[in-house]
Amino acid sequence: MNGTSYLLLAYYSLKESLVYIKNTMVFLLFSAFGLLIQYSAWYALYWSVDFMPVMGRSFETMLSYQILMVLIRSFTDANGISRQLEQRMVSGEIALDFLRPVAPRGMLIARSWGEKIFQMATDLVVFSVAVLAVGGIQSPASIEMMGLFLLSLCLGYLINLMFELLMGTFAFWFVGVNTLKWFIDFFQLAMSGAIVPLWLLPDWLQFCTKLLPFQAILYAPAQIYLGGMSNMEIVQTMGLQVFWILLLMGLQELLWRRGKRRIVVLGG
Amino acid sequence: MRIRNRGCWLAGRIVWFFQLCAMTLSMCWRGYISYKGWSALVHGIGLIIGYLGEYVVLYTMITNFPGVGGFTALEICFLYAMGLVAYALGNLHTREFWRMDELVLRGKLDLFLVRPVSPLLQLFVQDIQVGYLSHLVLGIGSMMLIKGMIGLSWDLAHWALFFFSLLAGGILMGGISLLTTPLTFWWGRSDAVTRFVRGGMRQTLQYPVTIYPKFIQRLLYIIPYAFVCYYPCLYLLEKDTSPLAVLYPFYTLLAGVITNLAFYLFWRLGLRRYNSAGG
Amino acid sequence: MIEASHLCKNYPIKNHNNPFRKDRQLRCAVDDISFTVSPGELVGYIGPNGAGKSTTIKMLTGILLPDGGMVRVDGIDPFYQRKQNCRKIGVLFGQRSQLWWHLRLDDTYRLLKHLYEIPDEQYRKRLSVLREMLELDSFWDQPVRQLSLGQRMRGELAAALLHSPSYLYLDEPTVGMDVLVKERIRELLKELNRQDGVTILLTTHDLEDVERLCSRVMVINHGKLLYDGTMAQLRSRCTADATVTIDIQGEPTIIDGLRNFRQKGNQITFSLNRRLGEGQLLAQIVGCNHVRDITIQEPPIEEVVRDLYQRSGEEEQR
């Protein structure tokens, strides 16, 4: 268990990603095009109300939200850890991972950071271009808010990470977690505020999203940044984020321990 | 007499082709079930939940506004569902082309070239995506529901053109998915371009074409996404009440024929290169 | 009858250092190859990686269009009359499967029946013959993904033979198999050739395949046909050494000029090369000793072929 080996793993996976520079261009194109489509839609929607604020949010706030979301999504993305975990379990590599000096989950996370740095770099390009194109986005109310935003962002990442690990751990028992995850991603996209800010949803639906961890990943940090919350609400939101992390982590740890025993039994 | 023989021969070919489709459809279905087993069911349920979420969010979001590009929230959902159906129909038969690099670089295409049937035809039926049938059911079902909610009353012509539009949209979508795949014959890999055309640009289907910036609109006529569901919907949702609007579904078919023809010629060119350069 | 005359095929080479440069360099993959294969022959086509074996097979089967020369299979041009040709040939690519992975064998076969439009009666007969010959019954009910490599290859063979082709092209049929399975496949091919009179042309790295199977062998390297003839003749052209072991009664009398000479009690061993006229030495040593037993071990086939490749390389350098 030493830190350098994790750093090395991250470094190698970063280098691996750099080989596929062509794919990067596609990523860039995808995110830029997606952003453009969303911009067009919001523009057309706000045009229909003569750019008056809707649910208390102006067009500028909406744009800032969408552009900010590029970075938030990029940072909180767990880069398919559950998929990799399932692959290793299906192929039986996981048994070997337990014999290595680095912890299997730590190894996966370290590798995902290599990819992540790369992906964040490309998304930063899209972000900067978008910010320049619309002539700047809203900034947080104060330095303290910015700090809280960053903290909440990290918490959001941890929630997503724990969730991915939990999903991956299910692969000890079922095949096909991958497909399931695909649909959950899809559902998550709708329920986390990635495309539609949750303030536009009716109250009953907003209540539903509060029951799921997804909105705490993306929507919560964005709200703190845009100043849509009172101090009390911020404390509550972050408390909720911590709650989700602890819950998911506990669940994951429990299942992981049970799953590990299964490997010993199966591996014989 | 000769014409009659020709006719018989053609009829025989058509029967033969449908038998082939039925055969591979059954094979793909059984393969899918034997591979997926119970997870096929999970797949179906997950799909419905995922899309329901999308619908609800899309709908509730737009109800905060009078509309987008002249379409109300329900009409946008209709557009969205139609895009779903077109996408599913258009990708029933084109999955084998998602793996063009395997076909061309690793020479899997050779297997199809040593059989006495056109390789293109064989590739179409090689991997029929039975999983997309759930998209079809979901898409058409939700369109029916939305139609009721909007309160449209269709006459027979509308009904006929509705199904016609779905089919034509599927044909067009198939052509679009295929259009850029022969690039692999030259570049070795084309998945980036193809993924963008098939996946990235597909997002444009859920809104009226008129809301996009001019250059994107132009792009949507070159790679004719504009005709997949926007134009038929102008007629079906009675957005355009001029008598000529009845022609819109036929534009879709025309665009579909042209796109598929363009793909065919491009494919032929690519195959010639494959034959002369050996991949 | 397969006729190939003055076949040529060039590939453009990509300039990897600078992909934007347009100067087209050509590499000759197949260079002026001519041969004929008569019906009923079993021909081995060997050469190292990248020698042009696969390219030749692709031209013979009509996948590739030759840049020069021509191919005729029973008078048909395989490229321009592809569909006609396809009904007559069976092709098996060792590394590319045409079986449907998740289904049983007979699903693939029924699809092939439809594609080749084989009449019912003929299909039934043919299938029962193949099932018996290739012993498919033991795994008939399993999906292909559960078959072992050898079983799957038998399944592939049946798929290639279903439409009763008179010519069978095999591209690396034994690659990746263990010794026993290889042996089994070889036997089957031999039987096919003998019983059904199928003309077989197979490419391989594995020289043992050729030695066990083929009446005739063609060797190719750098796109040129180096040798075309029987196995025995190939050996006789070889410059590699044979190893002679002689058991002698009493104390051996040694003569000068023996290479790699070793003595172990009454047994002596040395190298002998016919091409260098060393047969004389053998005569001498037999003359001056009381010989109990002689073994002459011919150079292994790998040696023979390596020797052939090496010489072709030297010629090219000159």
Side-chain angles (χ1 to χ4, degrees), chain A residues 20 22-27 29-50 52 54-55 57 174-206 208-209 212 214, chain B residues 35-73 76 131 187 189-197 199-213 215-217 219:
Chain A
Y20 300 104
K22 238 183 176 173
N23 280 353
T24 329
M25 303 320 237
V26 185
F27 273 139
L29 204 65
F30 261 74
S31 14
F33 195 79
L35 199 58
L36 200 61
I37 301 288
Q38 271 174 23
Y39 171 80
S40 313
W42 290 120
Y43 188 87
L45 282 165
Y46 268 90
W47 183 82
S48 69
V49 292
D50 291 328
M52 299 295 282
V54 172
M55 304 298 277
R57 264 77 166 191
F174 317 105
V175 192
V177 167
N178 216 336
T179 350
L180 195 65
K181 183 72 181 67
W182 195 83
F183 288 113
I184 290 178
D185 279 348
F186 198 61
F187 190 67
Q188 189 175 347
L189 217 57
M191 290 300 168
S192 63
I195 294 167
V196 178
L198 300 182
W199 67 67
L200 284 178
L201 302 187
D203 290 338
W204 63 270
L205 202 56
Q206 282 198 36
C208 289
T209 60
L212 295 168
F214 306 131
Chain B
Y35 169 55
K36 292 260 179 170
W38 281 104
S39 78
L41 197 69
V42 176
H43 194 272
I45 294 169
L47 185 118
I48 287 169
I49 294 175
Y51 276 110
L52 277 183
E54 287 278 293
Y55 275 123
V56 169
V57 168
L58 194 65
Y59 174 73
T60 53
M61 162 191 118
I62 297 173
T63 43
N64 290 300
F65 299 87
V68 53
F71 279 55
T72 65
I76 291 288
W187 294 356
R189 269 173 196 282
S190 71
D191 47 343
V193 178
T194 308
R195 258 173 56 198
F196 179 67
V197 170
M201 289 185 67
R202 183 192 162 201
Q203 300 168 59
T204 59
L205 284 181
Q206 58 176 302
Y207 296 113
V209 175
T210 47
I211 70 161
Y212 299 118
F215 77 96
I216 291 190
Q217 286 194 33
L219 187 64

Between A:V49 and B:P66, the two heavy atoms sitting closest are CG1-CD, 3.3 Å
Against chain B, label A:L29 side chain, backbone, both or neither, depending on which of its atoms sit under 4.5 Å from a heavy atom there.
-> both
Would you mind checking which part of B:I216 comes under 4.5 Å of any heavy atom in chain A, side chain (CB onward), backbone (N, CA, C, O), both or neither?
-> side chain
In B:F196, B:F215, B:Y212, the residue satisfying ring pair (Phe, Tyr, Trp, His ring centres under 6.0 Å) with A:F33 is B:F196
Go through the atoms of A:Y46 and report whether side chain, backbone, both or neither lie under 4.5 Å from a heavy atom of chain B.
-> both
Can you measure from CD1 (B:I76) to OH (B:Y55) and round to the nearest 0.5 angstrom?
-> 12.5 Å
Counting only heavy atoms closer than 4.5 Å, note whether A:I184 contacts chain B via side chain, backbone, both or neither.
-> neither
Is the distance between the ring centroids of A:F186 and B:Y51 under 6.0 Å?
-> yes
